[in-house]
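Heads up, the thing below is written out as structure tokens.
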Amino acid sequence: MSTAGHRWQKSSFSAQASNCINVARASDGWLLLRESDAPDTVITLSATALRALLCVLAR
């Protein structure tokens, strides 16, 4: 998936770190995640899946 044309937002949890997680919303409503050191690798998921992922990571 091309990362061009999306409005990427840096996670507030990344603070000033150089390794950041970015999120964007695709035009079809899916959420896109990428890591700043590998911006061409994108994970596409629903809002429900992202919520579940964050709940697991927060444990």
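Computed from heavy atoms alone, side chains included, the values below leave out hydrogens, waters and symmetry copies.
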> How long is the gap from CZ on Arg34 to CG on Asp40, to the nearest 0.5 Å?
Replying inline: 8.5 Å
Which donor-acceptor pairs under 3.5 Å do the side chains of residues 25-33 make with protein atoms, sequence neighbours left out?
unit_1: Arg25; atom_1: NH1; unit_2: Gly29; atom_2: O; d: 3.1
unit_1: Asp28; atom_1: OD1; unit_2: Trp30; atom_2: N; d: 3.2

>> Between Gln9 and Asn22, is the side-chain contact (heavy atoms from CB on, under 4.5 Å) condition met? List the steps.
In response: CA-CA 5 Å; Gln9 179 179 339; Asn22 304 126; over 6 Å; no
>> Please say yes or no: joined through hydrophobic side-chain contacts below 4.5 Å, possibly via intermediate residues, are Leu45 and Leu57 part of one cluster?
In response: yes
> Is it the case that one hydrophobic cluster holds both Ile43 and Leu54, taking links as side-chain heavy atoms less than 4.5 Å apart, direct or via other members?
Replying inline: yes
